[in-house]
Amino acid sequence: MDRTAVVLFSTALVVVFALLVAAAAGLLARLDGATFPAALTRGAVAFATVLTLASALAGALAQFLQ
């Protein structure tokens, strides 16, 4: 498989996983009694956290793959 295809597939997989985590965090916050804007904020923070963690992990692994 081409390297570009692997990068695009991995990026799409990380974004989908981040969306799932954000939805779960927002739902759990809402079930806990948070207002809608607060639950949306918690979901957005979870989304950003997953993307940040994935980019840090990719940067660390890139050193070993070259």
Side-chain angles (χ1 to χ4, degrees):
M1 199 181 322
D2 189 23
R3 184 177 287 209
T4 305
V6 171
V7 169
L8 288 176
F9 180 70
S10 300
T11 303
L13 189 63
V14 166
V15 169
V16 167
F17 182 70
L19 285 172
L20 288 172
V21 169
L27 178 66
L28 287 174
R30 190 74 175 129
L31 290 175
D32 196 33
T35 62
F36 184 72
L40 191 62
T41 302
R42 289 183 191 175
V45 167
F47 181 78
T49 303
V50 170
L51 290 183
T52 303
L53 181 61
S55 64
L57 184 63
L61 288 177
Q63 295 176 357
F64 296 111
L65 295 177
Q66 288 192 18

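The figures that follow rest on heavy atoms only: side chains count, while hydrogens, waters and symmetry mates do not.
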Checking Val7, Val14, Leu8 against Thr11 for side-chain contact (heavy atoms from CB on, under 4.5 Å), the one that qualifies is Val7
Please report the shortest heavy-atom distance between Ala39 and Ala34, naming the atom on each side. N-CB, 4.3 Å
In Å, rounded to the nearest 0.5 Å, how long is the span from CG of Asp32 to CG of Leu27? 11.0 Å
Is any side-chain heavy atom of Val21 closer than 4.5 Å to a side-chain heavy atom of Phe47? no
